[in-house]
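Whatever order the structure lists ligands and atoms in, that order sets their numbers, starting from 1. All values below were derived from every heavy atom in this structure, side-chain atoms included, with hydrogens, water molecules and symmetry-related copies excluded.
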Amino acid sequence: MSGEVLNAQHMPGDRGWRLESKTLQGNTPHRHIIVEPEEELSSSFTLTRKISLFKSPERMEEGPYKCVRDGNGTVNRVIRMGTRKSQLARIQTDYVAEKLKTLYPDVHLEIVAMSTIGDKILDTALSKIGEKSLFTKELENALERNEVDLVVHSLKDLPTTLPNGFTIGAVLQRESPHDAVVLHPKNSGLTLDTLPDGSVIGTSSLRRAAQLKKRFPHLEFKDIRGNLNTRLKKLDEKEDYAAIILAAAGLKRMGWEARVSQVLGPEDCMYAVGQGALAVEVRARDCDILEMVSTLHHSETVLRCIAERAFLRRLEGGCSVPVAVNTEVKDSVLSLTGAVYSLDGADSLKEAMETSVDPGNKLESAADIQHVGVTAHNVPQCAQVAAEKLGVDLANLLLSKGAMEILTTARKLNDAR
Ligand code: DPM
């Protein structure tokens, strides 16, 4: 067999090379053929890329990625994981590192911590800063420069359109996607319903404030910023807030479940797109890392989040618009409820739709395609296509009922605040 090698890579633990090739006979692209002896590589294929870089372990060390040599002289790539410096980001990255360690015991992992614009601007409400890639830009720059190989994010902080060259290579099983109430200790035992009139609730999320203002008109809402540690401190050590609203998932990861007094169901507050799911961002062309992290994908979470992200993307919404969702997969049916709100929650539009995500439904499409930034070769393509379409269809339904007017007004009012 002869063929054209498009890309060749070496994975930790591999004896040979993983080739992405195009055979000259059939012209069908093959991905990841493992060629064991090195000789076979050069004799069987017409090499069109500068493959010599990868030819011997010695030469591999000259490649673009960081490598280490073990006792037997075997050269392995070091997988560098980029993270923000906040405690939550560190916990999330360590969690993914543990998963990778279990799946690939021989892999060399390194964690590289960086601070981002979002971490530096602590005094301004997230929705006012407006920059969608607030927490992701520096980390993406490091990815681009090959300083790190993957970055762990909260999926809800990732824009629905990623910059060129990046993709979400893994979406892990979702924690609770719901929001939770954390009370000032003096209010212990109360709920949003029973808190006294005029109680001040801390949140900078337009989505949370809009829904809760409508549902609990006796409460007042005030911005609160900072990472989770800072917010809890602001709550407990001052008298400014009667309670704050945070994502249950973040609280759980921090080990603060005991502070959750109430988890808000969809009738009180629908969640943000992607909330509660971790995502691993990688270079879209780095097949090795993509393949490695793809084993972390959780199919049901992938499908739910593709639908949610497609919905948000079609509405042209970022992290600073009052848009909320609720999704569910049951018996291969994916249902999506989506809503948009005015800032005070008085105006809103909410609709629901569902679709079959049965993998038996053989509507295969190109395997390499991304769906709202997600690459998941190991999740049925037809289901991903259906999930994306569901999000777009639901957004179109809301748009036909005037969603854009509600969102445009909300954006203008928020900018003028
Ligand atoms: C985004 C929002 C918030 C974060 C907006 C929203 C909350 C901001 C605030 C897009 N990102 O939810 O409507 O309360 O002022 C964020 C948190 C997590 C990821 C913290 C939180 C952890 C939970 C997860 C901040 N991003 O929402 O309490 O992994 O989903």
Lys222 charged N/C atom sitting above Tyr241 aromatic ring, 6.0 Å / 45°: yes

Options [options], ranked by nearest heavy atom to [atom], top entry:
{"atom": "atom 19 (C) of ligand 1", "options": "Pro159, Ala89, Ser154", "result": "Ser154"}
{"atom": "atom 18 (C) of ligand 1", "options": "Gln211, Lys156, Gln275", "result": "Lys156"}
{"atom": "atom 24 (C) of ligand 1", "options": "Gly276, Ala248, Gly250, Ala210", "result": "Gly276"}
{"atom": "atom 15 (O) of ligand 1", "options": "Pro322, Ser176, Ser204", "result": "Ser204"}

Donor + acceptor pair across side chains of [X], [Y] (<3.5 Å):
{"X": "Gln275", "Y": "Arg207", "result": "yes"}
{"X": "Asn141", "Y": "Glu147", "result": "no"}
{"X": "Gln173", "Y": "Thr301", "result": "no"}

Non-neighbouring partners of Arg80 that pass side chain to side chain donor-acceptor pair (under 3.5 Å), sequence neighbours left out: none

Counterpart residues, side chain to side chain donor-acceptor pair (under 3.5 Å), relative to Ser335 (two or more places apart): none

Glu281 side, atom CD; Leu162 side, atom CG - distance, nearest 0.5 Å: 5.5 Å

Record the part of [X] in heavy-atom contact with ligand 1 below 4.0 Å; permitted values are side chain, backbone, both and neither.
{"X": "Arg207", "value": "side chain"}
{"X": "Leu246", "value": "both"}
{"X": "Lys252", "value": "neither"}
{"X": "Glu175", "value": "neither"}

Please list, in number order, the atoms of ligand 1 under 4.0 Å from a heavy atom of [X].
{"X": "Ala247", "result": "21 (C), 23 (C), 27 (O), 28 (O)"}
{"X": "Arg253", "result": "24 (C), 29 (O)"}
{"X": "Ala272", "result": "12 (O)"}

Arg225 near ligand 1 by a heavy-atom separation under 4.0 Å: no

Glu220 and Lys213 ion-paired at < 4.0 Å: no

